[in-house]
Amino acid sequence: AERKIVKLNLAARALILAKDTEKSLGDSIERFGEAMDLREEADYAHRFSEEGAVSVIEDAKIFLRKAKAILRKVKI
């Protein structure tokens, strides 16, 4: 478990330091903030949007695809 945490830390740092991270992930990071807003609405205001949930899942898939591509370039 500790080894996985170290590897995740390295991957996160690589994403932060990668030259094209902001360009590649900027929109996905903005959408992450929107996803957090939807989660808060569901948790605290008891308002759930199925359309919003589906959108969040699709955005997460796009983010993961882009992040993996960046990590392959830096070989983490």
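Predicted model, so just to flag it, every value in this text is computed and none were measured.
- Annotation: salt bridge (Lys or Arg N to Asp or Glu O under 4.0 Å) contacts of E58 (sequence neighbours excluded): K61.
- F32 and L38 are assigned to two separate hydrophobic clusters, defined by single-linkage of ILVMFWY side chains at heavy-atom distances under 4.5 Å.
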Got a list of side-chain donor-acceptor pairs under 3.5 Å for residues 43-50, not counting sequence neighbours?
from : atom 1 : to  : atom 2 : distance (Å)
D43  : OD2    : R39 : NH1    : 2.5
S49  : OG     : G52 : N      : 2.8

